[in-house]
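Encoded as structure tokens, the structure appears first; notes follow it.
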Amino acid sequence: MSNLFDESTLAAVEARLADTDKLLAQSYPGESGARQPVHTVYVPGDRFTGELAAQWGAAALAVAGGAAGLGELASTLGLSEPERLGALVAAKLEVEPIEDLRLDFEDGYGNRPDAEEDEHALAAADSVSSAVAAGQAPACLGIRFKCFEAPTRARGIRTLDLFISRLLENGPLPAGLRLTLPKVSTVVQVEAMVFLAEKLEENHGLEAGRIRFEVQVETPQVIIAADGSHPVAQLIHAGQGRISSLHYGTYDYSASLGIAAAYQSMEHPVADFAKDIMQVAVAGTGVELSDGSTNIIPAGDPENIAAAWALHARLVRRHLERGIYQGWDMHANQLPTRYLATFAFFREGLQAAATRLRNYVHRIDSAIMDEPATARALARYIHRGVSCGAVSEEEVQELAQISTAELEAIALNRSHA
């Protein structure tokens, strides 16, 4: 037996790789296990009430024609199990029509007198606190404030301060609080947001790291900088664990590259390039990734509604197939196709994914030899379906022959007692 690699050799290797171990542990911790919403709904910051989510759900049900109409729409879109999808989505729209809601004080709100925005920021915090206390709030809820570019920086910071401070006057911060920093173009802007988060925590006696935020990618400079680097990857780590998600901004980003308005889209090649880099940047970090929105709204005459629904359903399916599990919705009429396309994506692959996972877990011989990484991917896919309501826990137990706890443990690469 060779004794070439003795204890001193191993110690030398350990010392050489100590920094690598630290980097992987701190910067690439893997998925957090937190539920990722399937969408983010944007409404102007002065228009939120506790009843908004239920109103959107009712409007979506009405325009689709209830469960039967949703089933017909699913059939028209070529989705399998149309009646089942119709019933599942109808239930979703009644119980949880909005998973993530952002009160917008940026583009969707515009530039208004300071006194008016001050009033609306405080009123928004009061409405959020009331909705949370009444059990009316979506699981995730927060604001998008103005960006840190020079003309709007002071206004954005003031709105953030007013909103957070009033929330804390009303009680503890909501568990699902989300804050969105838009139009980021440099890593230093993220560092500035980290500084502000630390100040908020210090001034309000919050635990370190409580204030987290999303970064909206809307400028080409954050994809490729002047020196050829990719700031979008660097800013995640500059965020010191505070960045929860990267969101692609369809129209600002496309416009900044000179794309004509008629061709600005979530599926334009420039959009795919940016999102490909973003997807690589978030891999292994625990930071979520969201696609953007389409401005083609299902409204007006029946032909326009049908065409917009078909487009929206296709775009939702497209980003799901590319491993981006979240997007934006701007109108209640987009909810039917958001959920029909999302539920269909998770249900259509359920049988095959659950069978492969069962074979892997229980060591059953099959025609596919899956490795641990693939098993985790299968489990994550099913777990996402369960989280949003597309798949039931009973279906998982029957098809995969594992418990929900086992499913989650495999998905997150954790041991299960």
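In this chain, numbering begins with 1 at the start of the sequence shown.
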### Query
Does the distance from a Lys or Arg side-chain N to an Asp or Glu carboxylate O, for Arg155 and Asp118, drop under 4.0 Å?
yes
### Message
Please tell me whether Asp46 and Tyr109 have a donor and an acceptor in their side chains that are separated by less than 3.5 angstrom.
### Response
no
### Query
Do the side chains of Ile402 and Gln397 get nearer than 4.5 Å, heavy atoms only?
no
#### Entry: Spacing of Gln221 atom CD and Gln189 atom CD [to the nearest 0.5 Å]
10.0 Å
### Message
Run the ring pair (Phe, Tyr, Trp, His ring centres under 6.0 Å) test against Tyr325 and tell me which residues pass, sequence neighbours left out.
### Response
none
### Query
Any side-chain heavy-atom pair from Leu168 and Leu206 closer than 4.5 angstrom?
yes
### Message
I'd like to know if the side chain of Arg166 reaches the main chain of Ala125, judged simply by a donor and an acceptor atom lying under 3.5 Å from each other, with no hydrogens or angles considered.
### Response
no
### Task
Count the heavy atoms belonging to other residues, nucleotides or ligands that lie under 6.0 Å from CD of Glu371, then report whether that count exceeds 12.
no
### Spatial distance of atom CG (Leu24) from atom CG (Asp19) [nearest 0.5 Å]
11.0 Å
### Message
Tell me whether Asp227 at atom CG has more than 12 heavy atoms from other residues, nucleotides or ligands lying less than 6.0 Å away.
### Response
yes
### Task
Decide, yes or no, whether a salt bridge links Glu267 with Arg317 under the criterion of side-chain N to carboxylate O below 4.0 Å.
no
### Salt bridge Glu96-Arg35, side-chain N to carboxylate O under 4.0 Å
yes
### Message
Take a 6.0 Å sphere around CD of Glu83 and say whether it holds more than 12 heavy atoms from other residues, nucleotides or ligands.
### Response
no
### Query
Okay, side chain of Glu406, backbone of Ser403: is any donor-acceptor separation there less than 3.5 Å?
yes
### Task
Report, as yes or no, whether the 6.0 Å neighbourhood of atom CZ on Arg322 holds more than 12 heavy atoms from other residues, nucleotides or ligands.
yes
### Query
Where do Leu340 and Leu79 come nearest, in terms of heavy atoms and distance?
O-CD1, 3.8 Å
### Query
Using a distance-only test with no angle check, is there a side-chain donor-acceptor pair under 3.5 angstrom linking Thr294 and His312?
no
### Message
Distance alone, cut at 3.5 Å: any donor-acceptor contact between the side chains of Asp6 and Thr9?
### Response
yes
#### Entry: Side-chain (Thr152) to main-chain (Cys147) donor-acceptor, under 3.5 angstrom
yes
### Message
Within the structure provided, determine whether Ser245 and Val215 are in side-chain contact (heavy-atom separation under 4.5 Å).
### Response
no
### Query
Are side-chain N/O atoms of His247 and Trp328 paired as donor and acceptor at under 3.5 Å?
yes
### Task
Return yes if some donor-acceptor pair links the side-chain N/O of Asn203 with the main-chain N/O of Lys199 below 3.5 Å, else return no.
yes
## Note on the structure
When rounded to the nearest 0.5 Å, the distance separating CG of Asp272 from CG of Asp291 is 8.5 Å
### Message
Taking the six-membered ring for Trp, are Tyr28 and His237 closer than 6.0 Å centroid to centroid?
### Response
yes
### Minimum-distance pair of heavy atoms, taken over all atoms of Pro220 and Ser256
CD-OG, 3.1 Å
### Task
Apply salt bridge (Lys or Arg N to Asp or Glu O under 4.0 Å) to Arg84 and Glu395, showing your working.
CA-CA 14 Å; Arg84 181 70 180 276; Glu395 287 177 301; 3.6 Å; yes
### Task
Search all heavy atoms of Gly156 against all heavy atoms of Phe145 and return the closest pair with its distance.
O-CB, 3.7 Å
### Summary
What one should report as the nearest heavy-atom pair of Val270 and Tyr253 is O-CE2, 3.7 Å
### Query
Is there side-chain contact between Pro138 and Glu99, with heavy atoms separated by less than 4.5 Å?
no
### Message
Side chains of Arg102 and Thr180: any donor to acceptor distance under 3.5 Å?
### Response
yes
#### Entry: Sub-6.0 Å ring centroid separation between Phe345 and Tyr381
yes
### Message
If I take atom CG from residue Asp21 and atom CD from residue Gln26, how far apart are they, to the nearest 0.5 angstrom?
### Response
11.0 Å
### Task
Determine the minimum heavy-atom distance between Ala354 and Leu399, stating which atoms define it.
CB-CB, 3.5 Å
### Message
Using a 3.5 Å distance criterion without hydrogens, assess whether the side chain of Ser229 forms a donor-acceptor pair with backbone atoms of Ala225.
### Response
no
### Task
Write out all pairs satisfying side-chain hydrogen bond (donor to acceptor under 3.5 Å, both in side chains) with one or both partners inside residues 350-364, taking only residues at least two apart or from two chains.
Arg356-Asp370
### Task
For Pro82 and Ser75, work out which heavy atoms get closest and say how close.
CB-N, 3.8 Å
### Message
What I want to check is whether the side chains of Thr40 and Gln326 have a donor and an acceptor closer together than 3.5 Å.
### Response
yes
### Message
Can you tell me how far apart CG (Leu141) and CD1 (Ile98) are? Round to the nearest 0.5 Å.
### Response
9.5 Å
### Donor-acceptor under 3.5 Å (Asp104 side chain, Tyr42 main chain)
no
### Steps toward side chain to side chain donor-acceptor pair (under 3.5 Å) verdict (His268, Ser254)
CA-CA 8 Å; His268 193 283; Ser254 299; over 6 Å; no
### Whether Glu201 side chain and Ile211 backbone form a donor-acceptor pair below 3.5 Å
yes
### Any donor-acceptor N/O pair, His230 side chain to Val232 backbone, under 3.5 Å
no
### Query
From Arg347 CZ over to Thr342 OG1, what is the distance, rounded to the nearest 0.5 angstrom?
13.5 Å
### Query
Do Arg384 and Glu288 meet the salt-bridge criterion of a basic N to acidic O distance under 4.0 Å?
no
### Message
So if I apply the side-chain hydrogen bond (donor to acceptor under 3.5 Å, both in side chains) rule between Glu106 and each of Gln216, Lys146, Lys183, which one comes out positive?
### Response
Lys183
### Message
I'd like to know if the side chain of Arg144 and the backbone of Leu179 have a donor-acceptor N/O pair within less than 3.5 Å.
### Response
no
### Query
Taking atom types as modelled, is there a side-chain donor on Glu117 or Thr159 under 3.5 Å from an acceptor on the other?
yes
### Query
Is the shortest heavy-atom distance from the side chain of Val361 to the side chain of Ile410 under 4.5 Å?
yes
#### Entry: Pair Val128-Asn170, side chain to side chain contact (heavy atoms under 4.5 Å, CB included): steps then yes or no
CA-CA 10 Å; Val128 167; Asn170 297 335; over 6 Å; no
### Message
Under a 4.0 Å threshold between the charged nitrogen and the carboxylate oxygen, would Glu408 count as salt-bridged to Arg380?
### Response
no
### Query
Would Asp252 and Thr219 satisfy side chain to side chain contact (heavy atoms under 4.5 Å, CB included), going step by step from the backbone distance to the final call?
CA-CA 7 Å; Asp252 281 87; Thr219 68; over 6 Å; no
### Message
Using modelled atom types and a 3.5 Å cut-off, is there a donor and acceptor pairing between side-chain atoms of Ser165 and backbone atoms of Leu162?
### Response
no
### Query
Going through the distances and angles, do Ile236 and Val190 end up as a side chain to side chain contact (heavy atoms under 4.5 Å, CB included)?
CA-CA 9 Å; Ile236 291 174; Val190 167; over 6 Å; no
### Query
Within a reach of under 6.0 Å around CD of Gln55, are more than 12 heavy atoms found that belong to other residues, nucleotides or ligands?
yes
